[in-house]
Amino acid sequence: MKEYVSEQLLQIINKLKKQQFIPEDIIPRFTVERTKDKSHGDFATNLALTLAKPAKANPRQIAEKIVSLLPQNGVIEKVEIAGPGFINFFLDESWLARQVSAALADPHLGVSRVKNPQTVVIDYSSPNLAKEMHVGHLRSTIIGDAVARTLDFLGHQVIRQNHVGDWGTQFGMLLALMEQLRHEGHEISMELADLENFYRQAKQKFDDSAEFATRSRQLVVELQSGNENCLALWQEFLTISLSHCQKIYDRLGVGLSPEAIYGESAYNNDLPLVVRDLEKTGLLIEDQGAKCVFLDEFKGQDDKPLPMIIQKNDGGYLYATTDLAALRYRQNQLKADRILYFVDVRQSHHFNHLFAVARKAGFLAATTEVQHMGFGTVMGDDGKPFKTRSGSVAKLADLIDEAENRARMLVAEKNPEMDAAELEEIGRVVGIASIKYADLAKNRSSDYLFSFDNMISFEGDTGPYMLYAYTRVASIFRKAEIDENSLSGEIILGEEIERELANLQIQFAEILSRVAERGTPHLLCAYLYDLASTFSSFYKNCPVLSAESEKSRNSRLQLCLLTARILKQGLELLGIGTLERM
RNA sequence: GCGCCAGUAGCUCAGCUGGAUAGAGCACCCGACUUCUAAUCGGGCGGUCGCAGGUUCGAAUCCUGCCUGGCGCGCCA
């Protein structure tokens with residue numbers, strides 16, 4: 001209805017131009033916004049204020065003129081002029097009520113699919129397979145996943161790409177260690193159970209033993225030249241490492257499966273083609289033995305253009321080459337209309353550079369959107385990147401364990417009589433919800449402080465609060481023993497809080513499209529929190545099952561039902577599961 | 001040195017394309033459970049929006065300068 005109001009105003013602007021009230025060539029930059037203060041109605045526009053200068057008139061008078069030109073309609077019940085010349089719109093209550101009914105009748109909750117679906121490639125998670133997943137992968141994984149789910153829900157064709165680090169020099173020492181251990185008669189899969197430890201061992205040997213280091217380098221060369229034994233060993237390593245990742249994804253409820261895996265090694269054969277294509281465009285320049293691309297827009301020290309090194313002086317390729325190959329593949333093979341990278345914000349320079357080179361080289365169509373959805377660092381209490389108590393990088397598996405344990409203990413405290421199995425299940429869901437909600441609720445691009453105490457607290461704006469709000473609705477329906485599909489009848493918005501709740505419910509669609517556009521799930525979190533807390537007030541003030549009339553009871557049950565559905569759907573888009581009781 | 005990002009209540013964070021009296025949560029203080037789960041709700045306390053200029057009818061938001069912190073800057077990813 002925001003669009004509806006904007007539409008009406010645009011027509012009025014045209015009328016004002018015809019009347020020569022304002023000059024023909026003026027394009028007013030006005031906004032229609034939801035108001036913060038209910039006394040200002042549901043929407044407000046600053047149109048009259050922006051027209052004051054071109055019309056050479058008092059904004060309040062202009063506002064009156066605009067209001068007089070507004071057509072009668074069933075959407076807006078009342079219009080007021082306020083302050084310096086704002087126009088406030090009050091939504092018609094019965095219209096609002098009908099919107100609620102319509103959303104309830106729609107399995108898609110009143111959210112329409114986009115008219116022009118895009119093929120959106122989403123690059124997220126992308127862990128380095130040489131090591132275990134750690135806290136640094138958390139944000140990419142869950143924010144990327146939430147955006148992927150949202151785009152999918154809106155009707156886009158989403159292609160998830162897990163650009164795992166499965167290639168490079170570090171694999172030499174890992175393979176060398178595998179080889180050695182096998183030679184000594186160890187069971188490799190056992191040794192790889194703790195990947196982190198395995199990596200440490202390999203690194204240690206690499207640093208300590210010249211012989212081992214030589215063998216490692218040799219294995220890298222063999223691997224890259226396609227030696228079969230070497231590839232088999234490498235494949236074995238990947239299989240185990242990928243299963244570690246999949247375990248984490250499954251625990252976190254992240255929608256990444258082996259199908260999404262398309263790692264660095266997948267582009268090996270494309271790398272020479274990237275060089276070939278770049279040579280054709282004349283962009284490739286040899287500098288100090290390395291093949292580079294220089295763009296004037298990217299300058300380093302001394303105002304000299306910064307190179308993007310495509311091929312090293314020893315013939316080896318770098319991440320820029322792989323990233324270019326990936327862009328090329330996503331454009332040509334996957335037919336992407338839009339490509340999103342959920343990668344640490346510290347790489348923003350690299351991505352800007354990359355995108356510019358790719359455009360210049362013709363790897364990207366002019367219409368293809370490509371965006372680096374950078375995210376900030378997860379910090380510890382000390383304001384430094386989050387570490388464990390022992391000072392090492394926190395493994396995701398350990399983080400999840402701790403969240404689940406803490407959640408289970410708190411749930412047990414609240415429900416001393418709950419049986420172990422249910423406790424386990426609830427602890428699991430609450431623990432994961434806590435981690436994910438705390439992260440997703442923060443603005444993507446800035447750093448944030450990781451705190452178990454804050455996120456698993458059962459008070460305030462937390463994952464557990466959201467889950468709790470949902471269980472309260474669920475319990476009404478359990479108690480009422482009614483089939484939710486049998487509900488019908490008119491929605492009555494008698495109480496202020498009911499009106500507020502309905503008003504929020506019909507905003508779901510516009511929130512989702514903003515999340516999809518900007519890649520910012522925190523907007524959805526804020527919205528759902530708003531919905532949940534408004535529901536809590538409603539729940540307190542408006543008896544549902546014991547409402548004063550059957551009509552009111554029916555109406556309130558429907559408000560409850562829509563709240564529950566939006567909460568469940570919204571949390572699902574965030575990748576957070578719900579519980580029927582807790 | 002150059003570039004990017006950040007600085008908002010005691011703490012953690014929102015604040016949309018410049019809009020009305022800068023908002024939440026936590027903490028603290030008061031009040032509310034014979035009634036659908038009090039993991040809740042209502043109220044209070046708390047802010048020179050880093051500083052100084054500028055643009056504007058209007059600036060936390062845009063521009064300039066400065067201060068503080070973080071990050072990045074040729075063959076790692």
Side-chain angles (χ1 to χ4, degrees), chain A residues 29-31 33-37 39-40 44-46 49-50 52-53 59 82-86 88 126 128 165 168-170 264 287-292 298-303 306-314 316-320 322-323 343-350 352 374 376-377 379 383-384 410-411 413-415 430 438 441-443 445-449 451 453-455 457-462 464-465 467-469 471-480 514 518 520 522-523 525-526 529-530 533 536-547 556 560 581-582:
Chain A
R29 282 176 48 84
F30 69 99
T31 57
E33 289 174 326
R34 287 200 175 268
T35 53
K36 290 170 195 157
D37 186 339
S39 69
H40 296 145
T45 182
N46 59 354
L49 292 162
T50 66
K53 206 164 251 181
F86 290 103
N88 296 332
S126 308
N128 178 357
T169 50
Q170 56 201 335
E264 290 170 351
D287 187 78
Q288 296 168 41
K291 289 181 178 168
C292 311
F298 293 86
K299 291 188 171 144
Q301 279 123 312
D302 308 332
D303 227 26
L306 212 61
M308 170 173 280
I309 299 174
I310 305 298
Q311 193 168 19
K312 296 194 280 185
N313 53 19
D314 67 0
Y317 300 103
L318 290 146
Y319 63 105
T322 312
D323 282 343
V343 179
D344 196 310
V345 75
R346 283 173 289 193
Q347 291 191 38
S348 63
H349 185 269
H350 165 64
N352 287 335
T377 310
M379 307 295 239
K384 291 182 189 150
L410 284 172
V411 172
E413 231 171 80
K414 290 279 177 191
N415 310 280
V430 172
K442 267 106 188 171
N443 190 332
S445 58
S446 44
D447 297 346
Y448 84 93
L449 215 74
S451 159
D453 290 339
N454 288 349
M455 71 174 81
S457 154
F458 285 175
E459 271 133 44
D461 189 6
T462 61
Y465 176 92
L467 297 185
Y468 180 65
T471 61
R472 292 174 102 183
V473 199
S475 98
I476 288 179
F477 283 92
R478 227 180 5 255
K479 203 138 247 169
R514 283 236 295 271
R518 297 185 211 173
T520 50
H522 80 280
L523 298 173
C525 291
Y529 177 72
D530 215 358
S533 75
S536 290
S537 289
F538 161 81
Y539 182 90
K540 196 75 184 176
N541 294 310
C542 303
V544 176
L545 297 178
S546 54
R556 285 176 181 174
C560 287
R581 66 177 92 217
M582 63 190 276

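We name chains A, B, ... by the order of the sequence lines, and we start the count at 1 in each one.
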Watson-Crick or G-U wobble partner of B:rC36, both distances under 3.5 Å | none
Whole angstrom is fine here: how far is it from NZ in A:K442 over to P in B:rC11?
-> 16 Å
Base orientation of B:rC33, chi within 90° of 0 counted as syn, else anti, reads syn
If we take the C1' atom in both B:rA32 and B:rU8, what is their distance in whole Å?
-> 33 Å
Nearest heavy atoms of A:K442 and A:A438, plus distance in Å | CD-O, 3.0 Å
Taking every heavy atom of A:G376 against every heavy atom of A:D447, the minimum-distance pair comes out as CA-OD1, 3.3 Å
For the side chain of A:R556 and the backbone of A:P543, is there at least one donor-acceptor N/O pair under 3.5 Å apart?
-> yes
pair_partner(B:rU21), Watson-Crick or wobble, both distances < 3.5 Å, evaluates to none
Does any N or O donor sit under 3.5 Å from an N or O acceptor when you compare the side chain of A:Q288 with the base of B:rC75?
-> yes
Any strand: nucleotide that pairs with B:rC28 via Watson-Crick or wobble, under 3.5 Å | B:rG44
Test for a donor-acceptor pair under 3.5 Å between the base of B:rC16 and the side chain of A:R34, counting only N and O atoms.
-> no
Please determine, for B:rC62, whether a Watson-Crick or G-U wobble partner exists with both distances under 3.5 Å, and give it or none.
-> B:rG54
Could you work out the separation of B:rA38 and B:rG31 based on their C1' atoms and round it to a whole Å?
-> 13 Å
Closer to the 5' end of RNA chain B via nearest nucleotide, is it A:T31 or A:S446?
-> A:S446
Classify the side chain of A:N88 and the base of B:rA20 as holding, or not holding, a donor-acceptor pair under 3.5 Å.
-> yes
In whole angstroms, the gap separating P of B:rC36 from NZ of A:K479 amounts to 6 Å
Donor-acceptor pair between A:D37 and A:S39 side chains, under 3.5 angstrom | yes
How far, in whole Å, is B:rG46 from B:rC29 if one measures between their P atoms?
-> 16 Å
Would you call A:H349 stacked on B:rG72, i.e. ring centres under 5.5 Å apart with the planes less than 30° off parallel?
-> no
Could you let me know what B:rC73 is paired to, Watson-Crick or G-U wobble, both distances under 3.5 Å, or none if it's on its own?
-> B:rG1
With the side chain defined as heavy atoms from C-beta on, A:R518 is closest, among B:rA14, B:rG19, B:rC16, to B:rC16
Report the residue (A:F538 or A:Q311) whose heavy-atom-nearest nucleotide on RNA chain B is the more 5′ of the two.
-> A:F538
Rounded to whole angstrom, note down the C1' distance from B:rC57 over to B:rC11.
-> 38 Å
Which part of the nucleic acid does A:E264 contact within heavy-atom distance under 4.0 Å: base, sugar-phosphate only, or nothing?
-> sugar-phosphate
Would you classify A:D530 as touching base, sugar-phosphate or nothing, given that sugar-phosphate means primed atoms plus P, OP1 and OP2, and contacts are heavy atoms under 4.0 Å?
-> nothing
A:F86-B:rG19 aromatic stacking (under 5.5 Å, under 30°) | no
